[in-house]
*Asks:* 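This is the structure I want to talk about, given as structure tokens.
Read the numbers this way: they start at 1 and go in the same order the structure lists the ligands and their atoms. Note: hydrogens, waters and symmetry copies are ignored here, and every other heavy atom, side chains too, is used.
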Amino acid sequence: MLVAGNWKSNKSFNEAKEFANAIAAMPQAPAGVEVMIAPPAPYLAAMGDAQPPFRLGSQNVSATGSGAHTGEFTAEMLAGCGVQDVIVGHSERRDGYGDDDKVVAEKVSRVLDAGLRVIFCCGESLQDRQSDVHFDKVLRQMESAVLHLPAEVMDRVVVAYEPIWAIGTGLTATEEQAQEMHAAIRGWLREAFDDATAKSIPLLYGGSCKPANADALFACEDVDGGLIGGAALDPDSFRALVEAAGRVSALRMQAGAEAS
Ligand code: 13P
């Protein structure tokens, strides 16, 4: 299970440091649970130096290499600052900052080429869902950014399904809606790669995921954790999400042991 916090453009630098200290003072993440935080980019180097008790994520990366690209930062620069994971394809960047499918595919490749892990985001709008094209939309996004990847990098790919209508709205996908889309993504991965690859790729749910609904969402068969916005800003609610993932992880490990 992976619990990943996306802070978006929130928190002062001091608040970010206080958060990291609060998490460091809490018990270690439960067995089988990875924790990642993606703070605003200007804080990454200092947070990386402090070796926080979680994976350090970036919310963005350049689609170009080093050179005359004012304001951009490359995947290699992120790696040098201690970043391990990079979020690519978030709907807020697709819709507001020109990250179209081509740019997203380029960013995915650059993250993987730099040896980092990518958290690739996909998701449909409310209009897509109401028009019943939500599966097509999400699987087309997968096709344009993931299909061309070589099999050997797939152990550094995480997929986050974030229905746009659920992001920051308080509306959450039902367990059925989350599970059926995750199953479709898993099925697509099986067709595009193979069964073992499809099973091994963590599929995160994102969109108003919070302590009150995390147990139910994380318990869905094809949900392997969450990409969390608002509820990742407070250490206590974030910790509650990590504990919810821990409960599901313990049940899965028990089921795995009984099956073998
Ligand atoms: P919220 O959890 O605030 O809905 O945000 C989800 C998200 O966009 C995470 O990337």
*Asks:* Does atom CD of Glu15 have more than 12 heavy-atom neighbours from other groups under 6.0 Å away?
*Replies:* yes
*Asks:* Does Ala231 have a heavy atom less than 4.0 Å from any atom of ligand 1?
*Replies:*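 Per 4.0 Å heavy-atom rule, Ala231 does not contact ligand 1.
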*Asks:* Could you tell me whether Ala166 approaches ligand 1 through its side chain, its backbone, both or neither, with non-hydrogen atoms closer than 4.0 Å?
*Replies:*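 Just the backbone.
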*Asks:* Would you say Lys8 contacts ligand 1, with heavy atoms under 4.0 Å as the rule?
*Replies:* yes
*Asks:* Between the side chains of His90 and Glu162, does any donor sit under 3.5 Å from an acceptor?
*Replies:*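 On atom types as modelled, these side chains qualify, holding a pair under 3.5 Å.
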*Asks:* Going by distance only, is there an N or O of Leu227 that falls short of 3.5 Å from an N or O of ligand 1?
*Replies:*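 Checking ligand 1 against Leu227, no N or O pair falls under 3.5 Å apart.
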*Asks:* Which residue holds the protein heavy atom closest to atom 2 (O) of ligand 1, what is that atom called, and what is the gap in Å?
*Replies:*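 Protein heavy atom at minimum distance: Gly229 N, 2.9 Å.
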*Asks:* Check whether the side chains of Ser125 and Asp128 place a donor and an acceptor atom closer than 3.5 Å, and report yes or no.
*Replies:* yes
*Asks:* What are the atoms of ligand 1, with element, lying closer than 4.0 Å to any heavy atom of Asn6?
*Replies:* 9 (C), 10 (O)
*Asks:* Distance alone, cut at 3.5 Å: any donor-acceptor contact between the side chains of Tyr205 and Gln179?
*Replies:*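 The criterion, which ignores hydrogens and geometry beyond distance, is not satisfied for Gln179 and Tyr205.
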*Asks:* Short list, please: which atoms of ligand 1 are under 4.0 Å from a heavy atom of Gly168?
*Replies:* 1 (P), 3 (O), 4 (O)
*Asks:* How far is atom 3 (O) of ligand 1 from its nearest protein heavy atom, and which residue and atom name does that atom have?
*Replies:*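 I find the closest protein heavy atom is Gly230 N, 2.8 Å.
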*Asks:* Within a distance under 4.0 Å of any heavy atom of Gly207, pick out the atoms of ligand 1 and give their elements.
*Replies:*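 Per the distance check, 4 (O), 6 (C).
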*Asks:* Heavy-atom distance to atom 7 (C) of ligand 1: which of Gln59, Glu92, Glu162 wins?
*Replies:*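 Considering heavy atoms of Gln59, Glu92, Glu162, the nearest to atom 7 (C) of ligand 1 sits in Glu162.
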*Asks:* Can you label the angle between the Phe193 ring and the Trp188 ring as parallel, tilted or perpendicular, going by 30° and 60°?
*Replies:*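 The rings of Phe193 and Trp188 stand perpendicular, inter-plane angle above 60°.
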*Asks:* Please work out which of the three classes, parallel, tilted or perpendicular, describes the rings of Phe54 and Phe19, given edges at 30° and 60°.
*Replies:*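 If you compare the ring of Phe19 with that of Phe54, the planes turn out perpendicular.
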*Asks:* Residue-level breakdown please: for Ile167 versus ligand 1, do any non-hydrogen atoms fall below 4.0 Å on the side chain, on the backbone, on both, or on neither?
*Replies:*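 Answer for Ile167: both.
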*Asks:* Can you check whether Trp7's main-chain N or O pairs, donor with acceptor, with Asn10's side chain at less than 3.5 Å?
*Replies:* yes
*Asks:* Describe, in one word, how the ring planes of Phe13 and Tyr43 are oriented to each other, choosing from parallel (under 30°), tilted (30 to 60°) and perpendicular (over 60°).
*Replies:*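 Because their plane-to-plane angle lies in the 30° to 60° range, the rings of Phe13 and Tyr43 count as tilted.
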